[in-house]
Protein chains: 2
Amino acid sequence: MLQAVHSTQVPLRGPIAAKAAPQTVTVPPRDRLAALAVHRRLRAKETAFYEGDAADALFEVVGGVLKLYKLLPDGRRQITGFAYPGSWVGIGLCDTYAYTAEAVTDVTLIRYPRARLESLYDEVPGLARRILSLTAAELATAQDQMLLLGRKSAMEKIASFLLRLSEQAEERGDDACELSLPMSRTDIGDYLGLTIETTCRVLSQLCRMGVIEMCGRNRIRLRDPDQLADLAEGEALSSASML
Amino acid sequence: MLQAVHSTQVPLRGPIAAKAAPQTVTVPPRDRLAALAVHRRLRAKETAFYEGDAADALFEVVGGVLKLYKLLPDGRRQITGFAYPGSWVGIGLCDTYAYTAEAVTDVTLIRYPRARLESLYDEVPGLARRILSLTAAELATAQDQMLLLGRKSAMEKIASFLLRLSEQAEERGDDACELSLPMSRTDIGDYLGLTIETTCRVLSQLCRMGVIEMCGRNRIRLRDPDQLADLAEGEALSSASML
DNA sequence: CGGTGCTTTGAGCATACTCAACATCAGTGG
DNA sequence: CCACTGATGTTGAGTATGCTCAAAGCACCG
């Protein structure tokens, strides 16, 4: 069973999580993966699993957006990431999930039983490597986020967040200046380590500065992406202090 | 070459990065890995690689402690982790390193050329899985750190940090109450998203509260680990407000 | 001993938080 | 269709936590 190696190459679905090099997996494994897959739908606000649950499955996001978060005993919340189509959720070696996964919008998932998926790691060349690649991309994103959370100001955080959304939109083939924000202001704050009030205030300030424009609650138009990029890295333009 | 599978099992060196289940790899791969390995020594303050360098190798820490950090253009720094013996450094899919790795103490590393290591992933069963396990552990740690950076107070950050060091000491078989802090106060601050002054102040406060005791600059004794655990999760005891 | 680098402590301040009021939107039912 | 309601978002005023700037203490090392 370890022989079945040199067959045609088929690209797996690409990751959202940025810089992952295009990877491939041989065909038969694709089938063996498919044999494990079970589709699952969630309505907005439903959870796929809770932090602390037995981690018996991995999920691939096919449609919609999930938020992944951790809680402190007193209810403070940190969203560790948003999962867009192409993301894998629940990766991590532990036997319990390290975070809760809750649907922001209606969501479609593919569920892979963990034990059976992992038993394929050693049999299906490229599979472990593929998962590794996704995990490594997620790790790189997490490290960027640590820099953001630990060292950036509120303005820099919001600007960085909008820019990342813009890059993702571009990767998806959408207009990089027309952002959709499916998550609430509270969610954005909990992702960036801010309160909802600060999140609102900074967004309003960016509007006043003419850097962005709000088109309804969940839609933002970037009017000056270059200035936004400057703001994201602390190159506070003089106009930043005006107002 | 895909046949050489069922030989005796040998545990690879365990990870510091916590909850990784003990994993094993078959013997021949161990040899193949060893064939790639090159030892390297660093004196304190030397760097193994810089953020942005071509990522042509992975490193396993054998002795000493490294700090891994990212910089903003204006010099603000976020340490994303400390690498103790057993840690692998430089994991991440990118073709450039995502952070700088600098020796805190004198350090001994094993260097694995990345391309050649990765070419073994599909040939050596268990290898990719092993690296995946390490990466996943690092990801879980990173997510904990996001919660800390985004949502914890200075006191909670310091308390959490000391507790994690204590757990690591225990895993290493050392006394869980006798912590060695090889890194400077500045490093601790840059790891926790604090300034050096706040770091000092909180440590002093913990001393005054009788929770810890400082035995020289780089050594701390935990006198009340239970209270420290309470402080780490925001269960601010009344004594916390009494200076 | 005197330097240099790291740490500690103090005083004042700024950023982001808390609390509170109000505005807006989406969904519901009259 | 509009009025009502609850949820979500926005804005303001005051405050607190942690930062900045500054000085002094301490330890290690020639």
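Numbers restart at 1 for each chain; the letters A, B, ... are given by sequence-line order, proteins then strands.
- The CG atom of B:L149 sits 13 Å away from the P atom of D:dG18 (whole-angstrom rounding).
- Rounded to an integer number of Å, the gap from B:I196 CD1 to C:dT8 P is 8 Å.
- A donor and an acceptor atom never sit less than 3.5 Å apart when one is taken from the side chain of A:R185 and the other from the base of C:dT24.
- Computed from coordinates, the A:N218 CG to D:dG9 P distance equals 7 Å when rounded to whole Å.
- Between A:L148 atom CG and C:dA16 atom C1' the separation is 15 Å, expressed in whole Å.
- With rounding to the nearest 0.5 angstrom, the NZ atom of B:K157 is 5.5 Å from the CG atom of B:L149.
- Nearest nucleotide to the B:R201 side chain, out of C:dT18, C:dG10, C:dT7: C:dG10.
- The side chain of B:R217 places no N or O atom within less than 4.0 Å of a non-bridging phosphate oxygen (OP1 or OP2) of D:dA27.
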Walk me through whether A:L179 and A:I212 qualify under side chain to side chain contact (heavy atoms under 4.5 Å, CB included).
CA-CA 10 Å; A:L179 306 184; A:I212 66 173; over 6 Å; no
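- Atom-to-atom, CD of B:Q205 to P of D:dT17 comes out at 11 Å; the value is rounded to the nearest Å.
- A close approach under 4.0 Å does not occur between any side-chain nitrogen or oxygen of A:S153 and OP1 or OP2 of C:dT15.
- Between the CG atom of A:L203 and the P atom of D:dT11 there is a distance of 10 Å, rounded to whole Å.
- In this structure, CD1 of A:I220 is placed 11 Å from P of D:dG9, rounded to the nearest angstrom.
- Out of C:dT9, D:dT8, D:dG9, the shortest distance to the side chain of A:C200 is found at D:dG9.
- When the side-chain nitrogen and oxygen atoms of A:S184 are compared with OP1 and OP2 of D:dT8, none of them lie within a distance under 4.0 Å.
- For the atom pair CD (A:E138) and CD (B:Q143), the distance works out to 6.0 Å, reported to the nearest 0.5 Å.
- Within the 4.0 Å cut-off from OP1 or OP2 of D:dT20, not a single side-chain nitrogen or oxygen of B:T195 is found.
- Among the heavy atoms of the strands, none lies under 4.0 Å from B:G189.
- Both B:E197 and A:M214 lie near DNA chain D, and the one whose nearest nucleotide falls closer to the 5' end is A:M214.
- Checking B:T199 against A:K152, the closest nucleotide of DNA chain C that is more toward the 5' end is the one next to B:T199.
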Could you check B:K152 against B:E233 for side chain to side chain contact (heavy atoms under 4.5 Å, CB included), going step by step and ending with a plain yes or no?
CA-CA 8 Å; B:K152 290 192 180 180; B:E233 301 253 296; 4.0 Å; yes
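- Within the model, atoms OG1 of A:T100 and CG of A:D53 stand 7.5 Å from one another, a figure rounded to the nearest 0.5 Å.
- The interatomic distance linking A:D190 (CG) with D:dT8 (C1') rounds to 14 Å, in whole Å.
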